Amino acid sequence: MNAFALMFLVAGLGLIGWLTARSRAARFDRGGAKRLHSLPAQHGFFVAMWVVLPALLFVAAWGAISPALVKQTVLEHPAASQLPQFDFERDALLAEASRVAEQPGVAAFDPVAQQLVAPTRAAKVRYDWIGTAGAILLAFAGGAYAFTRIRASFPARSSVERGMMLMLLVASLIAILTTVGIFLSLLWESVRFFGQVSITDFLFGTHWSPQVIDPARPGRSLGAVPLFWGTFFIGAVIAMIVAIPFGLMSAIYLTQYAAPQVRRWMKPILEILAGVPTVVYGYFAALTVAPAVRDLAVAFGYPYASSESALAAGLVMGVMIIPFVSSMADDSIAAVPTAMRDGSLAMGATKSETISRVLIPAALPGVVAGILLAVSRAIGETMIVVMAASGAANITLNPFESATTVTKQIVDLLTGESEFDSPKTLAAFALGLTLFVITLLLNIVALRVVKRYREAYE
Amino acid sequence: MNNARATQSTQAQERAPTDWKTVAMQRRIRKRYRAERRFRFFGIAAVVLSAAFLAFLLVTMVAQGWRGFTRTEIMLPIDFPASGMMVERAQLDTAGADLALAGAGLENAVKSAAAAAFGPGGESYISDNAWVSVRKAIKHDASVLDRKTQMRVPASSEVDQAMAGRGTSEILAAVAKLKNAGLVSRHLNLDFLKVSDSTDPVAVGIWGALKGSLLTMFVTFLIAFPVGVLSAIYLEEYAPRNRWTDLIEVSINNLAAVPSIIFGLLGLAVFLGSWSLFGYRVGPLLPRSAALVGGLTLALMIMPVIVIASRNAIKAVPPSIRDAALGIGASPIQVVFHHVLPLAMPGILTGTIIGMARALGETAPLLLIGMRAFIVTPPGGLTDPATVLPVQIFLWSDEVSRGFVEKTSAAIIVLLVFLLAMNGLAIYLRNKFETRW
């Protein structure tokens with residue numbers, strides 16, 4: 001039985017446990033002179049918990065170990081002696097046999113794999129039955145144990161609530177687990193990478209061409225400085241040149257000048273810009289903006305302008321970031337005490353003078369924090385650069401030339417055909433670690449600044 | 001210091017009041033008002049240009065994409081009795097009809113009919129899949145097999161492009177001739193929503209990718225919603241203030257800002273990589289390019305969004321409600337699950353829908369975990385190889401053939417319609433159930 005059917009079965013058993021326990025507890029209520037400690041439904045939940053949880057834990061554990069058991073059994077089969085000794089090929093054949101075993105009426109391509117189909121199917125069926133039987137047995141055992149414990153004086157509610165609390169705690173630990181998982185998996189692969197490539201070559205090398213790697217010294221063609229520069233140039237310079245003035249000025253206009261009616265309509269419209277999927281921006285950048293930028297460059301007298309220029313990707317990325325900058329600026333301008341604004345206006349300053357000499361300086365920490373967060377988002381943005389920027393790693397100040405970014409290279413390195421342990425694939429994880437650390441630092445600094453600034457006016 | 005300030009203030013008192021009527025002052029005021037108008041203009045310009053960019057984006061997509069929902073169809077005369085096809089009539093009503101027609105050489109019959117009708121090379125005018133629509137017509141009404149008839153079949157990609165004025169001069173002339181004879185026309189193509197990827201731009205559809213997206217979203221919701229809401233409840237209602245809960249808070253806030261591509265690396269390393277644990281080789285835990293892996297990866301990505309939105313919704317429920325419930329004897333768990341959670345639900349759902357919309361539009365992490373395969377059959381389950389709508393858009397955008405441009409834009413329109421619907425639902429929920437306490 002597959003895992004989903006099994007889960008439904010266990011859930012059904014849990015429901016049955018809930019119903020029986022509840023009706024039993026309800027009978028306690030009517031016959032006995034003593035009051036129940038808990039409501040009948042709580043007794044029901046107590047039993048259901050004991051039915052479902054052990055069985056589900058077993059199903060999860062069995063799902064993790066049973067493939068290994070199947071493999072073990074198949075390898076003991078006489079036909080398995082013909083398998084190649086080399087791990088990689090052997091696993092491929094076993095995978096083929098296992099795939100065919102699940103689809104009746106299909107034959108395997110490889111004769112050895114075809115011989116192994118029958119034993120694989122038999123082993124699968126056997127371990128499936130063991131798993132199903134184990135889960136049902138555990139469900140009944142847990143249910144029986146819980147059922148014998150319920151009586152009028154039994155504090156089912158406390159048990160159920162303890163169980164609930166545990167569940168809540170586990171749910172909130174998943175966030176930590178994810179963070180730790182990200183950090184450890186990136187670190188682990190990066191350590192393997194730095195075992196093959198020296199860390200100084202990677203961080204300070206200025207030549208990036210992962211297509212041709214010299215096996216003797218892979219670090220020579222894996223210097224990431226051009227990527228760091230391209231990321232900074234596209235995400236933190238070009239995109240911000242678009243996003244900061246537009247975002248800031250629209251926030252100022254919508255909060256300080258616009259009629260409430262206009263504000264009510266324009267704010268959501270601008271926020272749609274943030275909701276458009278990045279792949280749509282990427283397509284737009286590659287198909288519409290990039291050719292236009294190239295034509296512009298040719299008109300300016302750069303006949304060899306790239307059609308995958310840094311400018312096209314940066315411009316579109318900047319537009320995407322506008323609502324982000326604008327909503328952060330909006331919040332921090334709104335947090336400036338009105339007394340400061342009214343004071344300035346009362347002294348005879350015009351509205352624009354009040355804004356540029358009082359509101360903006362007072363809101364500056366918040367605005368700067370918003371810009372830092374926007375930069376962190378821009379440098380982590382992937383699809384626009386994957387589709388519109390080039391793969392050629394240049395260090396250039398000319399926006400019409402091509403530049404590449406860290407995210408673009410991660411995608412390029414991992415979607416090509418290459419084995420998992422080569423320095424090429426591992427380099428993607430090292431780049432990912434660098435990206436993770438930089439965005440993390442930007443966020444921590446930004447959140448610190450925002451917190452401090454909020455305290456200043458509260 | 002004190003002295004200086006004193007003299008300054010006496011000077012200020014002694015100074016004559018400003019005469020605003022002088023020419024210099026008037027000029028200064030005019031200058032300041034000009035600056036004011038300029039500043040205001042910049043503000044309007046920023047808002048208008050941003051909105052204009054959005055409008056430009058949408059108009060471009062619709063202008064390129066509407067053609068993707070239609071296809072060029074060509075009137076093909078077929079003489080079935082003369083084609084020499086041997087078909088058992090009795091089989092046409094059974095499940096084996098497709099096989100029987102294919103075995104009878106329907107594909108060749110259709111091709112030779114095209115060559116006969118449009119002259120040598122005429123078979124290149126109709127799509128490679130044209131015989132499928134002929135097959136459908138035969139299954140619908142078997143009597144056509146006895147006579148000479150005309151059928152509208154999908155035209156090939158070259159004819160389709162020539163209708164839009166692109167192509168070599170020969171094909172343009174040929175299509176102009178067909179057009180004058182009234183043999184080619186454009187029609188709504190509902191197959192675009194019903195079939196999957198293909199190498200031929202006139203035969204592609206988004207159903208496979210859409211189904212992959214729906215399966216992925218299903219997994220994402222199933223994981224992220226309960227886990228996100230439960231951890232929000234814990235953090236907001238029960239968690240003691242100590243170093244551990246601070247750590248949880250910090251990691252949730254940081255996870256919300258981690259670039260999405262990092263989650264792809266996590267999925268690749270943890271779900272799809274093999275690692276050794278206590279000397280045992282574990283993994284890959286899950287099948288590559290399956291909706292299950294994509295859903296899990298996206299669930300980890302949007303969980304912080306749901307946690308943050310849920311916490312805000314729970315925080316907005318006034319404490320008096322908790323106090324009242326506690327006062328009549330509810331346990332802390334009952335207070336939350338009977339009172340606080342139902343009241344916070346609209347806010348939680350709004351946040352969840354926004355998070356799900358983000359997951360639906362996400363591409364980068366799914367590219368890394370291998371959901372970029374060429375999928376011709378829609379995935380049947382969570383562990384089948386699948387792709388999703390945004391990835392399909394990315395894959396089509398890489399195609400060289402001109403016919404894919406409009407299909408890509410059409411797929412983008414479908415994606416945007418879904419996202420708009422989800423965001424609209426979120427706004428509706430917020431407005432309908434929003435409570436001001």
Side-chain angles (χ1 to χ4, degrees), chain A residues 157 161 164-165 167-169 171-172 174-176 178-179 181-182 185-186 189 245-246 249-250 252-254 257 266 269-270 272-273 275-280 283-284 286-288 319 322 350-353 373 376 380 382-383 387 407 410-411 414-415 420 428-429 432 435-436 439-440 443 447, chain B residues 32-33 35-36 39-40 42-44 46-47 49-51 53-54 57 60-61 227 230-231 233-235 238 247-248 251-255 257-262 265-266 268-270 273 285 300 303-304 307 331 333 357 361 363-364 367-368 372 390 393-394 397 405 408 412 415-416 419 423:
Chain A
R157 190 174 95 182
E161 293 193 344
M164 294 280 279
M165 273 311 224
M167 224 163 67
L168 294 180
L169 186 62
S172 58
I174 288 180
I176 292 194
T178 314
T179 312
I182 289 179
S185 61
L186 291 180
E189 307 288 345
F246 276 80
M249 283 313 287
S250 16
I252 288 171
Y253 181 77
L254 289 180
Y257 287 105
M266 286 315 288
I269 286 179
L270 289 191
I272 294 179
L273 276 176
V276 173
T278 53
V279 68
V280 177
Y283 181 63
F284 185 69
L287 205 78
T288 313
V319 171
I322 289 174
T350 63
K351 238 175 174 177
S352 61
E353 284 161 355
L373 287 179
S376 118
T382 311
M383 287 324 287
M387 294 166 87
T407 49
I410 292 177
V411 171
L414 285 178
T415 50
F420 209 70
F429 286 91
L435 183 65
F436 180 68
T439 50
L440 201 66
N443 282 310
L447 291 181
Chain B
R32 284 173 63 196
Y33 281 162
E36 167 75 22
F39 192 76
R40 199 189 156 107
F42 283 144
I44 295 181
V47 174
L49 280 178
S50 308
F53 185 88
L54 179 67
L57 179 88
T60 315
M61 288 305 145
V227 172
L230 290 181
S231 61
I233 290 173
Y234 181 76
L235 290 176
Y238 303 117
L247 189 64
I248 296 179
S251 46
I252 286 178
N253 286 336
N254 282 325
L255 275 184
V258 167
S260 61
I261 192 172
I262 300 288
L265 288 175
L266 172 75
L268 190 64
V270 173
L285 288 182
L300 294 181
M303 207 175 61
V307 173
S331 71
I333 291 270
T363 322
L367 276 184
L368 293 195
R372 51 179 285 148
I393 290 169
F394 171 68
S397 76
V405 170
T408 313
I412 285 176
L415 181 63
L416 288 180
L419 290 177
N423 283 312

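The structure presented is a predicted model; accordingly, all values stated were derived computationally and were not measured. Values below: all heavy atoms of this structure, side chains included; hydrogens, waters and symmetry mates excluded.
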Practice item. Check each atom of I182(A) against the heavy atoms of chain B and say whether the ones under 4.5 Å are side chain, backbone, both or neither. Key: both

Review point. Of the backbone (N, CA, C, O) and the side chain (C-beta and beyond), which part of T288(A) lies under 4.5 Å from a heavy atom of chain B, both, or neither?
Key: side chain

Review point. Which residue out of I269(A), I252(A), I410(A) racks up the most heavy-atom pairs below 4.5 Å with chain B?
Key: I410(A)

Practice item. Please flag which part of L270(A) lies under 4.5 Å from any non-hydrogen atom of chain B: side chain, backbone, both or neither. Key: side chain

Check your understanding: Under a 4.5 Å cut-off applied to non-hydrogen side-chain atoms, are T178(A) and L266(B) in contact?
Key -> yes

Exercise for review: Would you mind reporting whether T179(A) and N254(B) have side-chain heavy atoms less than 4.5 Å apart?
Suggested key: no

Review point. Under a 4.5 Å heavy-atom cutoff, which of P277(A), G432(A), G275(A), S376(A) has the most pairs with chain B?
Key: P277(A)

Exercise for review: Answer whether the closest heavy-atom distance between the side chains of L265(B) and S185(A) falls below 4.5 Å.
Suggested key: no

Exercise for review: Using ring pair (Phe, Tyr, Trp, His ring centres under 6.0 Å) as the criterion, list what pairs up with Y234(B), not counting sequence neighbours.
Suggested key: none

Revision key, fill the gap. Bottom line for L373(A): the part with an atom under 4.5 Å from chain B's heavy atoms is neither

Check your understanding: Do you know the tightest heavy-atom contact between L273(A) and S50(B)?
Key -> CD1-O, 3.9 Å

Check your understanding: Taking it one step at a time, do E353(A) and R32(B) satisfy salt bridge (charged side-chain N to carboxylate O under 4.0 Å, His left out)?
Key -> CA-CA 9 Å; E353(A) 284 161 355; R32(B) 284 173 63 196; 2.8 Å; yes

Check your understanding: For V411(A), is it the side chain, the backbone, both, or neither that has a heavy atom closer than 4.5 Å to a heavy atom of chain B?
Key -> both

Review point. Side chain, backbone, both or neither: which part of T60(B) has a non-hydrogen atom closer than 4.5 Å to chain A?
Key: side chain

**Study point:** chain A contact via L57(B) - side chain, backbone, both or neither, heavy atoms under 4.5 Å
**Key:** both

Practice item. Could you check if a side-chain atom of Y283(A) sits within less than 4.5 angstrom of a side-chain atom of V405(B), using non-hydrogen atoms only? Key: yes

Check your understanding: Going by heavy atoms in the side chains, are P259(B) and T382(A) under 4.5 Å from each other?
Key -> no

Review point. Highest number of heavy-atom pairs under 4.5 Å with chain B: which of G380(A), S352(A), A428(A)?
Key: S352(A)

Review point. Just by distance, do the side chain of E36(B) and the backbone of K351(A) share a donor-acceptor pair under 3.5 Å?
Key: yes

Check your understanding: Is there a side-chain contact between S231(B) and I174(A), using heavy atoms and a 4.5 Å cut-off?
Key -> no

Practice item. Counting only heavy atoms closer than 4.5 Å, note whether T350(A) contacts chain B via side chain, backbone, both or neither. Key: both

Review point. Taking only residues two or more places apart in sequence, or in another chain, which ones meet F53(B) in a ring pair (Phe, Tyr, Trp, His ring centres under 6.0 Å)?
Key: F284(A)

Check your understanding: Is chain B contacted by the side chain of I176(A), its backbone, both, or neither, given a heavy-atom distance below 4.5 Å?
Key -> both

Review point. Do I44(B) and Y257(A) come close enough that some side-chain heavy atom pair is under 4.5 Å?
Key: no

